[in-house]
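As C-alpha cells, the structure follows; a few thoughts come after it.
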Amino acid sequence: QVQLVESGGGLVQAGGSLRLSCAASGRTLNSRTMGWFRQAPGKEREFVAAIKRSGDSMLYADSVKGRFTISRDNAKNTVYLQMNSLKPEDSAVYYCAAKGILASGPDNLQYNYAYWGQGTQVTVSS
C-alpha cells in the first residue's frame, strides 16, 4: 500500500508561482511512474504531468507545457510540481497519483493510477 500526501497549495496572484510536494509513505515510489492531476469545480479531473520512475522522462498536458515542471527525489520518496506563470484557469484541487509497479498504459490516463492523495487546493486570483 502507498499513502500519498500533497502539500504546498494555496492562494496566489496570476503570474505567480507555487511548488506542490507529494510525500509517500508505506512503500517506495522509486519503481513507480508518478502523476499530477487536477479537478476544478464542475469539471472532470484532468491530467497535468507525469514522470517516469527514472526521472528522465516527463509528460505534460498542453495547457501547462512550458509553465509547469514535474520532478522527483527518490531518496526522499517525494514528487514535486513547480508551477510558474499561474493563470486563474489553473485553479483546482491538485492530486498526486502513483501507478502500480507493473502498470502499463498511457501515463495521462487516470485509471492507470492505483494510488491517490487527498488533494491540495490551488487558487489563482486575477
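Reckoned from all heavy atoms, side chains included, excluding hydrogens, waters and symmetry mates.
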Non-hydrogen atoms of Gly55 and Arg72 that approach each other most closely: CA-CD, 4.0 Å
Euclidean distance, Ser125 OG relative to Gln13 CD, rounded to 0.5 Å: 5.0 Å
Atom pair CZ/OG of Arg38 and Ser91 - distance to nearest 0.5 Å: 9.0 Å
For Met34 against Ile70, the heavy-atom pair lying closest together: O-CD1, 4.0 Å
Steps toward side-chain hydrogen bond (donor to acceptor under 3.5 Å, both in side chains) verdict (Asn30, Arg32): CA-CA 6 Å; Asn30 293 0; Arg32 304 176 188 274; over 6 Å; no
Exam field: side chain Thr120 to backbone Gly9, donor-acceptor pair closer than 3.5 Å: yes
Qualifying disulfide bond (SG atoms under 2.5 Å apart) pairs, either residue in residues 97-126, two or more places apart: none
ring-ring contact (aromatic ring centres under 6.0 Å, His included) evaluation trace for Phe37 with Tyr113: CA-CA 11 Å; Phe37 292 77; Tyr113 289 79; 5.1 Å; yes
Asn84 vs Ser17, side-chain hydrogen bond (donor to acceptor under 3.5 Å, both in side chains): CA-CA, chis, key distance, verdict: CA-CA 4 Å; Asn84 299 329; Ser17 298; 2.9 Å; yes
Salt bridge present between Lys87 and Asp90 (N-O < 4.0 angstrom): no
Connected via hydrophobic side-chain network under 4.5 Å: Tyr115 and Tyr80: no
Worked verdict on Leu81 versus Arg19 for side-chain contact (heavy atoms from CB on, under 4.5 Å): CA-CA 6 Å; Leu81 186 67; Arg19 188 196 196 200; over 6 Å; no
Tyr95 and Trp116 aromatic ring geometry - parallel, tilted or perpendicular at 30°/60° bounds: perpendicular
Plane angle bin for Tyr94 and Phe68 - parallel if under 30°, tilted between 30 and 60°, otherwise perpendicular: tilted
Within-4.5 Å side-chain heavy-atom neighbours: Val93 and Arg45: no
Closest heavy-atom pair and its distance - Glu6, Trp36: CG-CZ3, 3.8 Å
Chi angles and distances behind the side-chain contact (heavy atoms from CB on, under 4.5 Å) call for Leu59, Lys52: CA-CA 9 Å; Leu59 179 68; Lys52 294 292 189 185; over 6 Å; no
Side-chain heavy atoms of Cys96 within contact of Gln118, under 4.5 Å: no
Contact summary for Gln39 and Ala92, nearest pair of heavy atoms: O-CB, 3.4 Å
Asn74 (side chain) donor-acceptor with Asn77 (main chain) under 3.5 angstrom: no
Residue among Val12, Val122, Val124 satisfying side-chain contact (heavy atoms from CB on, under 4.5 Å) with Met83: Val122
Lys43, NZ: over 12 other non-hydrogen atoms inside 6.0 angstrom: no
Closest non-hydrogen atom pair between Ser71 and Ile51, with its separation: CA-CD1, 3.7 Å
Asn112 side-chain N/O to Pro106 backbone N/O, donor-acceptor pair under 3.5 Å: yes
Whichever hydrophobic residues join Tyr111 through chains of side-chain contacts under 4.5 Å: Leu109
Atom of Gly100, atom of Ala114 and distance for their closest heavy-atom approach: N-CB, 4.0 Å
